[in-house]
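Step one of this worksheet: look at the structure below.
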Amino acid sequence: MNASLTPEEILRWHIAAGADEAIGETAIDRYAAPPKQPVVFREDRPSLPIAPAPPALDGAHPALACRTLAELKDALFAYEGCALKKTCRQTVFADGTPGSGVMLVGEAPGADEDRIGLPFVGASGRLLDRMLASIGLDRNSCYITNLVPWRPPGNRKPEQTEIELCLPFLIRHIELVAPRFLLLLGGAPTSALLGRHDAISRLRGRWHDCVLPREGKIVPALPTFHPAYLLRTPAHKRLAWADFLALRKRLDGAA
Ligand code: URA
């Protein structure tokens, strides 16, 4: 970076690069000379720490023991197995009415959701609200959650390992909500729940089976574009509108 930049310009540069959150209480002076390391002879070196055990994704996962949504929420709030929780402000669980029959699954909270603690309350959420309204739904007539309940730093995409850690919570979430239909917002929840890795543009607009492995139940799932993508690519709103109409038809029992 050019040394003649003002502190304000440097700050803007960091924000543009995605570093828009302070994640520690104490500023780190990265220009300070590193502390001198004592010379350690081979036999004096401490042994390498044992790698932490991989997170339990089997019968021992805390999500699986939860019998109610309240228990699931508590388990998620108590869970410390995903590093994303350390850099975000809070866990974003869900919004809306669990018994509404329609469950929407987004990707991960952004800065606004992280601040407020509810999914889809920022710019994408405002577009989502308008799309829901266009088919006669609102936040009380559906239920909204995310694949990952913690904001990834700088709004980056959640990594595969992070998704794998969160997926048992989401699957249990779906089992407990037992929606009639799932609306999957974007490629991340679509790949994670359907195991399909084709582009969202190929998967959207058609009904797929979301298989809940433990219960052997199938929930019809409709992938569509993520609202944040639609904000960047408004030409595709027309296709998303068709997807929302397909959901409306299904809710009305007409498809
Ligand atoms: N994008 C998402 O995928 N989820 C949110 O909650 C907000 C933005």
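Numbering of ligands and ligand atoms starts at 1, following listing order. Residue numbers count from 1 along this sequence. Side-chain atoms are counted along with the backbone in the values below, which use heavy atoms only and exclude waters and symmetry mates.
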Run through Leu128, Leu104, Ile144 and flag the one making a side-chain contact (heavy atoms from CB on, under 4.5 Å) with Pro119.
->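 One option only clears the test, and that one is Ile144.
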Testing Thr224, Leu183, Ile135 for side-chain contact (heavy atoms from CB on, under 4.5 Å) with Asp243, which one passes?
->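 Among the candidates, only Thr224 passes.
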For residues 70-78, tabulate all N or O donor-acceptor pairs below 3.5 Å that involve a side-chain atom, not counting sequence neighbours.
| residue | atom | partner | partner atom | Å |
| --- | --- | --- | --- | --- |
| Glu71 | OE1 | Arg67 | N | 2.8 |
| Glu71 | OE2 | Arg67 | NH2 | 2.9 |

Could you tell me which atoms of ligand 1, counted from 1 in the order shown, lie closer than 4.0 angstrom to a heavy atom of [X]?
| X | result |
| --- | --- |
| Gly106 | 3 (O) |
| His226 | 1 (N), 2 (C), 3 (O) |
| Glu107 | 2 (C), 3 (O) |

Kindly confirm or rule out an N or O of Pro119 lying under 3.5 angstrom from an N or O of ligand 1.
->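 It does not: no N or O of Pro119 is found under 3.5 Å from an N or O of ligand 1.
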Apply side-chain hydrogen bond (donor to acceptor under 3.5 Å, both in side chains) to Asp198 and list each qualifying residue two or more places apart in sequence or on a separate chain.
->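 Listed in chain order: Arg196.
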Nearest non-hydrogen protein atom, atom 4 (N) of ligand 1 |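 Of every protein heavy atom, Asn146 OD1, 2.8 Å lies nearest to atom 4 (N) of ligand 1.
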Quick one: which of Gly186, Gly122, Ala108 has a heavy atom closest to atom 5 (C) of ligand 1?
->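 Looking at heavy atoms only, Ala108 sits closest to atom 5 (C) of ligand 1.
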Would you say Glu162's side chain and Leu84's backbone share a donor-acceptor pair under 3.5 angstrom?
->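 Looks like no, no N/O pair under 3.5 Å.
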